[in-house]
Amino acid sequence: MNPKRIFGICVLFAALLVVGVAFALVVGAEAVLSTSTAQETLRIAPNSSGMSEDEFMAYAGRMEQRYGPEAVSALRLHIPDETRGPSQGAGATPNIRYVSAWSGSLEIRNNDGVVLADSDNALVLYALDLTDEQGRDHYYWWQWGAAKNREDTWIGDDSNLRNFWSRVEFENSTSNLLWYAPDGDMRGVENTVTLRFGLEFSGPDCHNISKDFILHQGKIRPKPGECRVGNAGKYAVDWVGSYEGTQSIYGICEERRQDSAGSAVLWTYCLTASQF
């Protein structure tokens, strides 16, 4: 073969190799850099109106239709048999009272305006019909979220859920955040995990709350740097992973405050998804 021709083939091969490497780098960079986040914060003041109990039950029904019963199985915490005090038997109605609820939704779109992932989020406030030895009222802030990726982009399923979380932050020092759950990492792959709250306590002023849900992939945890007990505390429940499908999260924190004292709360919910 002509040496010049051989040289030309080698040059062409080298050029194609360089182009291929460059393409791979671009695709790899795009896979990393295409991660997008949506986030909103709602300030809930003492006089902020939320959903009535009937409106909340209707909302829970819509969420069940949207995400399935598995994803919203523990959203209605105040229904009898959903939660019981340690001395209460099956079928007893707990002394937990629905106060109000707030909801919000998020969407993540690509550059073409196609929705890659979305989420619905709810914050539900419950009160216990009792006070502690210091005369403080008990409140539970129940956090729920469900997120799913979309599969209707022009090249098929090209988005993954990466992270979503919900944070409750008290503005007033009169609000004392005592406990929260989950208080450690919960990991799983297509298995049932259990959120437990209050199991280490006993007595009429404490409730045992135990809720099962499916962790399809990744982990659910207290969000690092976003959890603090005490006056004007805060708590965030956080899911981290890389999943194509629907995932739900639950979190709960207990607040105690003096009778008639107002509670101002910043509720933040966030969703992150990646393309390719």
Side-chain angles (χ1 to χ4, degrees), residues 42 50-51 56-57 59-64 66-79 81-84 94 96 98-106 118-126 128 139-148 161 163-169 177-200 206-224 226-227 233-241 243 245-255 265 267-271:
L42 174 66
M51 290 183 272
F56 173 67
M57 296 301 290
Y59 170 82
R62 294 194 301 272
M63 294 301 100
E64 184 170 351
R66 180 174 175 79
Y67 296 101
E70 169 200 304
V72 297
S73 60
L75 181 55
R76 297 175 287 260
L77 186 64
H78 63 297
I79 300 302
D81 287 334
E82 290 283 323
T83 180
R84 294 186 296 274
I96 184 170
Y98 174 87
V99 178
S100 193
W102 298 264
S103 64
S105 58
L106 297 170
D118 55 12
S119 71
D120 282 283
N121 310 270
L123 178 65
V124 192
L125 175 60
Y126 297 101
L128 291 180
Y139 293 92
Y140 289 158
W141 294 85
W142 184 246
Q143 296 153 272
W144 171 83
K148 66 178 179 179
L161 299 176
N163 176 234
F164 66 107
W165 51 271
S166 171
R167 182 182 66 212
V168 172
E169 184 173 4
L177 195 158
L178 253 65
W179 316 102
Y180 56 75
D183 57 4
D185 289 1
M186 299 194 304
R187 301 175 183 268
V189 178
E190 299 298 344
N191 67 330
T192 299
V193 296
T194 303
L195 171 65
R196 293 185 174 89
F197 180 82
L199 292 182
E200 64 270 39
C206 294
H207 278 78
N208 296 329
I209 298 175
S210 179
K211 296 299 172 188
D212 295 337
F213 61 99
I214 302 296
L215 182 52
H216 295 285
Q217 190 269 345
K219 64 180 178 180
I220 294 176
R221 63 182 182 176
K223 186 172 178 60
E226 297 295 344
C227 303
K234 60 180 179 178
Y235 173 65
V237 56
D238 183 34
W239 175 86
V240 180
Y243 182 61
T246 298
Q247 179 63 56
S248 60
I249 58 173
Y250 299 102
I252 184 172
C253 61
E254 180 181 355
E255 175 204 7
V265 174
W267 175 42
T268 301
Y269 47 96
C270 182
L271 171 67

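The figures that follow rest on heavy atoms only: side chains count, while hydrogens, waters and symmetry mates do not. Bear in mind that the values here come from a model prediction, so they are computed numbers and not experimental data.
The shortest side-chain heavy-atom distance between L123 and Q143 falls under the 4.5 Å cut-off. The shortest side-chain heavy-atom distance between L125 and W141 falls under the 4.5 Å cut-off. Side-chain contact between L161 and W239 is present, with heavy atoms from C-beta onward closer than 4.5 Å. A 4.5 Å side-chain heavy-atom check between V237 and P182 finds at least one atom pair inside the cut-off. For the pair L128/Y140, a side-chain contact is recorded, criterion being any heavy-atom separation below 4.5 Å from C-beta on. Counting heavy atoms from C-beta outward, D238 and I249 have side chains that stay 4.5 Å or more apart.
Under the side chain to side chain donor-acceptor pair (under 3.5 Å) criterion, Y59 pairs with no residue, sequence neighbours left out. Applying the side chain to side chain donor-acceptor pair (under 3.5 Å) test to T268 and every residue at least two apart in sequence or in another chain returns T41, R167. By the side chain to side chain contact (heavy atoms under 4.5 Å, CB included) test, A101 pairs with M51, F56, Y98, V124, sequence neighbours left out. Partners of K234 according to the salt bridge (charged side-chain N to carboxylate O under 4.0 Å, His left out) rule, which considers only residues two or more places apart in sequence or in another chain, are E226. Residues that satisfy the side chain to side chain donor-acceptor pair (under 3.5 Å) test with Q247, not counting sequence neighbours, are absent from this structure. Remark: W165 pairs with no residue by the ring-ring contact (aromatic ring centres under 6.0 Å, His included) rule, at least two apart or across chains. Legend: residues meeting side chain to side chain donor-acceptor pair (under 3.5 Å) with S119, ordered by chain and number and at least two apart, are N121. With sequence neighbours excluded, the residues satisfying salt bridge (charged side-chain N to carboxylate O under 4.0 Å, His left out) with D118 are R66, R150. Here P69 pairs with E64 under the side chain to side chain contact (heavy atoms under 4.5 Å, CB included) rule; sequence neighbours left out. Under the ring-ring contact (aromatic ring centres under 6.0 Å, His included) criterion, W102 pairs with no residue, sequence neighbours left out.
Residues I220 and S248 come closest through the heavy atom pair CD1-O, 3.8 Å. Minimum heavy-atom separation, S105 to D120: CB-OD1, 3.5 Å. Across all non-hydrogen atoms, the minimal contact from R187 to D185 is NH2-OD2, 3.6 Å. For Y250 against S73, the heavy-atom pair with the smallest separation is OH-N, 3.3 Å. Counting all heavy atoms, side chain and backbone alike, W267 lies closest to S166 at NE1-OG, 3.0 Å. Counting all heavy atoms, side chain and backbone alike, L271 lies closest to A147 at CD1-CB, 3.9 Å.
With rounding to the nearest 0.5 angstrom, the SG atom of C253 is 13.5 Å from the CH2 atom of W179. Taking CE from M186 and CG from L215, the interatomic distance works out to 7.0 Å, rounded to the nearest 0.5 Å.
At distances below 3.5 Å, at least one donor-acceptor pair connects side-chain atoms of Y235 with backbone N or O atoms of A181.
Using bins of under 30°, 30° to 60° and over 60° for the plane-to-plane angle, the ring pair Y67/W144 lands in the perpendicular bin.
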